[in-house]
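Read through the structure below, which is laid out as structure tokens, and then see the notes.
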Amino acid sequence: MKLPFAESFKIKMVESIRRSTREEREQWLKEANYNLFSLKSDHVFIDLLTDSGTGAMSDKQWSAMMLGDESYAGARSYFNMKSALKNILGFDYFLPTHQGRAAENVLFSVLIKEGHVVPGNSHFDTTKGHIEFRKAKAIDCTIDEAKETELEHPFKGNLDLTKLEAVLSTYPKEQIPMIIVTVTCNTSGGQPVSMENMKAVRALADKYGIPVCYDSARFAENAYFIKTREDGYADKTIKEIVLEMYSYADMATMSSKKDAIVNMGGFIAMKDQELWNQASTFNIMYEGYVTYGGMSGRDMNALAQGLDEGTEFDYLETRIKQVEYLGSKLEEYGIPFQKPVGGHAIFVDARKILPHIPKEEFQAQTLGCELYLEAGIRGVEIGAILADRDPETRENRYPELELLRLALPRRTYTNNHMDVIAAALKNVYDRRDEIKNGYKIVEEAPIMRHFTVKLDRI
Ligand SMILES: *Cc1c(COP(=O)(O)O)cnc(C)c1O
């Protein structure tokens, strides 16, 4: 008999979670103004809001924390992080920051100015926020296949080279500070970018003289997909693949709360010393001195260890197989979701489930609230609320996809939890026709409104 798959870890420490009643959840959701971000985590049974900073660190990471050097300047922990970045990603220069958006803030302070355009593949919300805040424009060049959720394509994170070249040839070089390649592409469903596509982007970037920046939060998951899906990479290690990926980049921003499996941290990495010099000034102003940025020594140590563990095949296989397991359950129940499954999450197609709810009533948000009411499971809307208003016209932007993202924290839940998630979603799916109305916005912030928006039932 072929042995079944099992996790490549055992559990050393646990945290209790509590179920609740539907009446309790009705009350709590109302108090949260139907914004899942506003719920207390104690009121959530299975928390799939994000995989960011919510993973379980290993025994080796915890022991690395104990060895953290908290010296203000030149700490050992800084040099541990420096050698991890050199060995694993191949960068000579870096600045620690407190998380990914801080890396964007510092780097973009140097490079992005009013009137610039920044082409990329479905820019992440904070990335887009930092671009638009500087009165520059993010131009989405993701392949069209990414918008068809049922279509199987191995690399839905790819940039459409025709769209990219159209941008590069339309605007003068001085107006394009960088091309952003998001690996994996969070917004389009945790979908990977192929090595072939990264090489082609590099070639176009060289042709037009534009630097390439990788938004790197899930770079290791991207490497796993290259190994398992792209010709010629099956026999390479994840670490070899990662080094090749970054050989085509000039710089990177990183949210270490994802693939470096820490609860807090980030960095900017670059190959150019002059850029490092310029970014250092902003890092010192916004984050902290260059050898700690926004991080404590113990956190830099845990990050260095996490980068190493996060780029091991066994760890990645365990992680991605859990996402696939949840996907296979949903498939069995006929629930539509973005295929193939992404690296860190399942993206349920809310528009297909609730086609009778108008997009102005926020289909994905409606599905998210229903799933919470059903079983205390918290997902997150990736739809019109997140898409925000157009910065110029102030009109609501309605994206082509209305998705409910179920993000899986790393090494945190078991497959029994996956069974509960799938069953709860099936119950909602079975009663979808009884869900008659969506939500309306009663209060919102001028930018990145999804975090604090207040909603009411229609
Ligand atoms: C999470 C994330 C960011 C922002 O990082 P934070 O650590 O949340 O600030 C940027 N880009 C991508 C692709 C991400 O997933």
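Hydrogens, waters and symmetry mates are skipped; everything else that's a heavy atom, side chains included, is used. Keep in mind the model is a prediction, meaning the values are calculated, not measured.
Considering all non-hydrogen atoms of both residues, C369 and Y439 come closest at CB-OH, 3.4 Å. Minimum interatomic distance between G327 and V341 (heavy atoms only, all atoms of both residues): CA-CG1, 4.0 Å. Scanning all heavy atoms of the two residues, the minimum distance from S38 to A32 falls at CB-O, 3.5 Å. Minimum interatomic distance between L373 and R457 (heavy atoms only, all atoms of both residues): CD1-NH2, 3.4 Å.
With sequence neighbours excluded, the residues satisfying side chain to side chain contact (heavy atoms under 4.5 Å, CB included) with D69 are S71, A75, R76, S77. Not counting sequence neighbours, the partners of A56 by the side chain to side chain contact (heavy atoms under 4.5 Å, CB included) test are R411, T412. Here E145 pairs with nothing under the salt bridge (Lys or Arg N to Asp or Glu O under 4.0 Å) rule; sequence neighbours left out. Legend: residues meeting side-chain hydrogen bond (donor to acceptor under 3.5 Å, both in side chains) with K239, ordered by chain and number and at least two apart, are D308, T311, E312. Every salt bridge (Lys or Arg N to Asp or Glu O under 4.0 Å) that K12 has, sequence neighbours left out, goes to D59. Partners of Y233 under the ring pair (Phe, Tyr, Trp, His ring centres under 6.0 Å) rule, at least two apart in sequence or in another chain, do not exist in this structure. Every residue two or more places apart in sequence or in another chain was checked for a side chain to side chain contact (heavy atoms under 4.5 Å, CB included) with T281, and none qualifies. In this structure, T366 has no side-chain hydrogen bond (donor to acceptor under 3.5 Å, both in side chains) partners at least two apart in sequence or on a different chain. With sequence neighbours left out, the side-chain hydrogen bond (donor to acceptor under 3.5 Å, both in side chains) criterion links Q363 to R351. With sequence neighbours excluded, the residues satisfying side-chain hydrogen bond (donor to acceptor under 3.5 Å, both in side chains) with S109 are R134.
Atom-to-atom distance recorded for T253:OG1 and H130:NE2 is 10.0 Å, nearest 0.5 angstrom. We find the CE-CZ distance between M195 and R202 to be 14.0 Å, quoted to the nearest 0.5 Å. Note that CG of L49 is 10.5 Å distant from OG of S41, once rounded to the nearest 0.5 Å. In this structure, the separation between CD1 on I180 and CG on L159 is 10.5 Å, given to the nearest 0.5 Å. Taken to the nearest 0.5 Å, the NE2 atom of H43 stands 8.5 Å off from the OG atom of S20. Rounding to the nearest 0.5 Å gives a distance of 12.5 Å between CH2 of W276 and CG of D92.
Applying the ring-ring contact (aromatic ring centres under 6.0 Å, His included) test to pairs two or more places apart or on separate chains, those with a residue in residues 62-87 are Y72-Y289, Y72-Y292, Y78-F94. Applying the side chain to side chain donor-acceptor pair (under 3.5 Å) definition to pairs two or more places apart or across chains, those involving residues 173-185 are N121-T182.
A side-chain donor-acceptor contact under 3.5 Å links K156 to the backbone of E148. Here the side chain of E381 pairs a donor or acceptor atom with the backbone of L386 at under 3.5 angstrom. Remark: side-chain polar atoms of D456 are not paired, donor with acceptor, to backbone N or O of K440 under 3.5 angstrom. In this structure a side-chain-to-backbone donor-acceptor pair under 3.5 Å is present from Y413 to D47. The backbone N or O of D314 sits less than 3.5 Å from a side-chain atom of S8, completing a donor-acceptor pair. The backbone N or O of P340 lies less than 3.5 Å from a partner atom in the side chain of Q191, making a donor-acceptor pair. In this structure a side-chain-to-backbone donor-acceptor pair under 3.5 Å is present from T142 to S122. Under a 3.5 Å cut-off, the side chain of N301 and the backbone N or O of A64 do form a donor-acceptor pair. Judged by distance alone, with hydrogens and angles left aside, the side-chain atoms of N283 form no donor-acceptor pair with the main-chain N or O of L95 at under 3.5 Å. With N87 contributing its side chain and S83 its backbone, the two residues share a donor-acceptor pair below 3.5 Å.
Enclosure of atom CD in E31 by more than 12 non-hydrogen atoms of other residues, nucleotides or ligands within 6.0 angstrom is indicated. In the displayed structure, K321 atom NZ is contacted under 6.0 Å by more than 12 heavy atoms of other residues, nucleotides or ligands. By the neighbour-count criterion of 12 heavy atoms within 6.0 Å, atom CD of E196 is sparsely surrounded, having that number or fewer from other residues, nucleotides or ligands. More than 12 heavy atoms of other residues, nucleotides or ligands lie within 6.0 Å of OH in Y208, so this atom counts as buried by the packing criterion. Residue R298 qualifies as open at atom CZ: its count of foreign heavy atoms under 6.0 Å is 12 or below. The local environment of NZ in K113 is crowded, with over 12 non-hydrogen atoms from other residues, nucleotides or ligands closer than 6.0 Å. More than 12 heavy atoms of other residues, nucleotides or ligands shown are found within 6.0 angstrom of CD on E360. Within a 6.0 Å sphere centred on CE of M285, heavy atoms belonging to other residues, nucleotides or ligands number more than 12.
Geometric assessment of K271 against the ring of F91 yields a positive cation-pi assignment under the 6.0 Å and 45° thresholds. The side-chain tip of K258 points at the ring of F124 from less than 6.0 angstrom away and within 45° of straight on.
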Run the numbers on L89 and M254 for side chain to side chain contact (heavy atoms under 4.5 Å, CB included), then give the verdict. CA-CA 11 Å; L89 304 177; M254 174 73 180; over 6 Å; no
Intermediate values then yes/no, salt bridge (Lys or Arg N to Asp or Glu O under 4.0 Å), D259 and R410: CA-CA 9 Å; D259 276 0; R410 293 165 181 77; 3.0 Å; yes
Would you sort out whether I226 and E244 count as a side chain to side chain contact (heavy atoms under 4.5 Å, CB included), showing the intermediate values? CA-CA 11 Å; I226 290 175; E244 184 183 341; over 6 Å; no
Please test V212 against Y248 for side chain to side chain contact (heavy atoms under 4.5 Å, CB included), starting from the C-alpha separation and ending with a verdict. CA-CA 8 Å; V212 179; Y248 308 125; over 6 Å; no
Worked verdict on T50 versus V380 for side chain to side chain contact (heavy atoms under 4.5 Å, CB included): CA-CA 8 Å; T50 177; V380 72; over 6 Å; no
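At a threshold of 4.0 Å, the pair R397-D388 does not count as salt-bridged, since none of the basic side-chain nitrogens sits closer than that to a carboxylate oxygen. Using a 4.0 Å cut-off between charged nitrogen and carboxylate oxygen, E402 and K359 do not count as a salt-bridge pair. A salt bridge does not link D42 to R18: none of the charged nitrogens lies less than 4.0 Å from a carboxylate oxygen. Taking a cutoff of 4.0 Å between a charged side-chain nitrogen and a carboxylate oxygen, R389 and E444 qualify as a salt bridge. For E230 and K236, the salt-bridge test fails: no basic side-chain N is under 4.0 Å from an acidic carboxylate O.
Exactly one of D250, I176, L275, I179 qualifies for a side-chain contact (heavy atoms from CB on, under 4.5 Å) with P211. That residue is D250.
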